[in-house]
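First up is the structure itself, then whatever we jot down about it.
Order of listing sets the numbers, starting from 1, for every ligand and every atom in it. These values consider heavy atoms only, across backbone and side chains, with no hydrogens, waters or symmetry-generated copies.
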Amino acid sequence: MRPLKVALVNIPLRVPGSDAWISVPPQGYGGIQWVVANLMDGLLELGHEVFLLGAPGSPAGRPGLTVVPAGEPEEIERWLRTADVDVVHDHSGGVIGPAGLPPGTAFISSHHFTTRPVNPVGCTYSSRAQRAHCGGGDDAPVIPIPVDPARYRSAADQVAKEDFLLFMGRVSPHKGALEAAAFAHACGRRLVLAGPAWEPEYFDEITRRYGSTVEPIGEVGGERRLDLLASAHAVLAMSQAVTGPWGGIWCEPGATVVSEAAVSGTPVVGTGNGCLAEIVPSVGEVVGYGTDFAPDEARRTLAGLPASDEVRRAAVRLWGHVTIAERYVEQYRRLLAGATWK
Ligand SMILES: O=c1ccn([C@@H]2O[C@H](COP(=O)(O)OP(=O)(O)O)[C@@H](O)[C@H]2O)c(=O)[nH]1
């Protein structure tokens with residue numbers, strides 16, 4: 001079958017306090033941008049052509065990849081209106097949509113939020129939990145978040161394992177940073193807390209209650225991020241069923257950090273919130289909500305986690321960038337053949 005020309009539309013956001021666009025991959029915190037980066041790798045490896053929009057200034061220079069200098073929604077839609085592409089794959093969360101494109105454009109969107117999608121027709125979800133939560137139909141495809149091992153540390157890099165536990169994400173109530181600190185405290189392990197803390201009161205509560213356990217290091221990127229993901233004893237993804245950033249009770253949609261940890265050889269301890277109940281058991285263990293962890297049980301959980309090689313293999317088998325890109329390409333071809341779903 002002939003290769004496809006795919007317009008991948010990133011969610012266009014600027015680096016806080018700057019004119020620069022958040023790139024693909026992102027300079028720091030940024031789940032959706034990592035999803036787009038890893039998927040792009042898979043599509044390129046399969047021989048498709050990728051036009052990246054919504055992330056001007058992203059690294060270019062790879063065969064098959066064009067970084068289009070379009071960041072503002074109007075610029076993106078203007079480019080798409082006259083573009084020679086087979087399919088538009090949107091990750092912008094409704095910033096652009098089929099209404100702004102010529103009738104008949106093959107339009108598919110991956111939903112990354114917990115709200116109802118702005119463009120439900122042709123929408124895909126990262127987990128069954130997210131699809132149910134957001135009102136997606138039973139026939140809407142569920143495709144988990146992709147991960148390209150080449151973007152993370154491999155076994156050959158021989159990063160030594162250390163004793164600390166890692167939280168890497170937005171330091172916010174819905175992501176369970178406080179509960180991660182409680183779990184680490186119960187285990188008697190240090191918790192490295194990486195990520196932006198935009199809710200100062202919440203951050204203060206963590207340090208007040210678990211100051212001796214927690215080492216806050218702020219937002220990380222680059223080599224340091226990769227080393228942390230690979231050297232941690234385990235990554236904690238303790239999302240809670242509390243009000244999330246878009247209102248409504250948080251239902252973890254896809255959890256980029258889970259596949260990133262696993263492909264780096266690090267098992268995951270997570271709650272059963274949203275997608276976590278579907279993905280954590282393959283690479284770690286599910287624990288309960290809240291901060292009430294019995295030390296013996298918490299230590300037993302840590303001691304029983306799967307080995308590095310095992311979680312790496314599981315990540316590649318389940319979420320490898322080529323496997324996931326193939327699943328998307330299957331949906332692109334269905335769409336081009338006239339399929340539709342809601
Ligand atoms: O200091 C940080 C904290 C987080 N991240 C990345 O930000 C993303 C967070 O995405 P996730 O889906 O886990 O959480 P959410 O998008 O819900 O905040 C992941 O790729 C992390 O590796 C990062 O690069 N630096």
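With a heavy-atom cut-off of 4.0 Å, R225 touches ligand 1 through its side chain alone. Contact annotation: for Y29 versus ligand 1, heavy atoms closer than 4.0 Å belong to both the backbone and the side chain.
Relative ring orientation between F293 and F183 is described as perpendicular, the plane-to-plane angle rising above 60° on a 0-90° scale split at 30° and 60°.
Remark: distances from the non-hydrogen atoms of G254 to ligand 1 are all 4.0 Å or more. At least one heavy atom of G30 lies less than 4.0 angstrom from ligand 1. Distances from ligand 1 to the non-hydrogen atoms of K175 include at least one value under 4.0 Å.
If you check which protein heavy atom lies closest to atom 21 (C) of ligand 1, you get E260 OE1, 3.4 Å. In terms of protein heavy-atom proximity, atom 4 (C) of ligand 1 is nearest to M168 CG, 3.6 Å. Of all protein heavy atoms, the one lying nearest to atom 12 (O) of ligand 1 is T256 OG1, 2.8 Å. What sits closest to atom 13 (O) of ligand 1 on the protein, heavy atoms only, is V257 N, 3.2 Å. Protein heavy atom closest to atom 1 (O) of ligand 1, with residue, atom name and distance, is V220 N, 2.8 Å. Nearest protein heavy-atom contact of atom 10 (O) of ligand 1 is G31 CA, 3.3 Å.
Atom numbering of ligand 1 starts at 1 in the shown order; those under 4.0 Å from a heavy atom of W34 are 20 (O). Here is the list of ligand 1 atoms found below 4.0 Å of a heavy atom in G169: 3 (C), 4 (C).
Hydrophobic cluster membership of M1, counting Ile, Leu, Val, Met, Phe, Trp and Tyr whose side-chain heavy atoms lie under 4.5 Å apart directly or via other members: none, as it forms a cluster of its own.
Taking the six-membered ring wherever Trp is involved, the centroid distance between the rings of W198 and Y29 falls below 6.0 Å. Between H233 and F164, the ring centre distance reaches or exceeds 6.0 Å.
F51 places none of its side-chain heavy atoms less than 4.5 Å from the side chain of L65. At least one side-chain heavy atom of L305 sits less than 4.5 Å from a side-chain heavy atom of V269.
F107 meets the ring-ring contact (aromatic ring centres under 6.0 Å, His included) test with no other residue; sequence neighbours excluded.
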Set out, in order, the CA-CA distance, both residues' side-chain angles and the distance that settles salt bridge (charged side-chain N to carboxylate O under 4.0 Å, His left out) for D86 and R2, then state yes or no. CA-CA 11 Å; D86 297 301; R2 82 175 169 88; 2.8 Å; yes
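Between the side chain of Q130 and the main chain of F113, a donor-acceptor pair closer than 3.5 Å is present.
Considering backbone and side-chain atoms alike, G28 places an N or O below 3.5 Å from some N or O of ligand 1.
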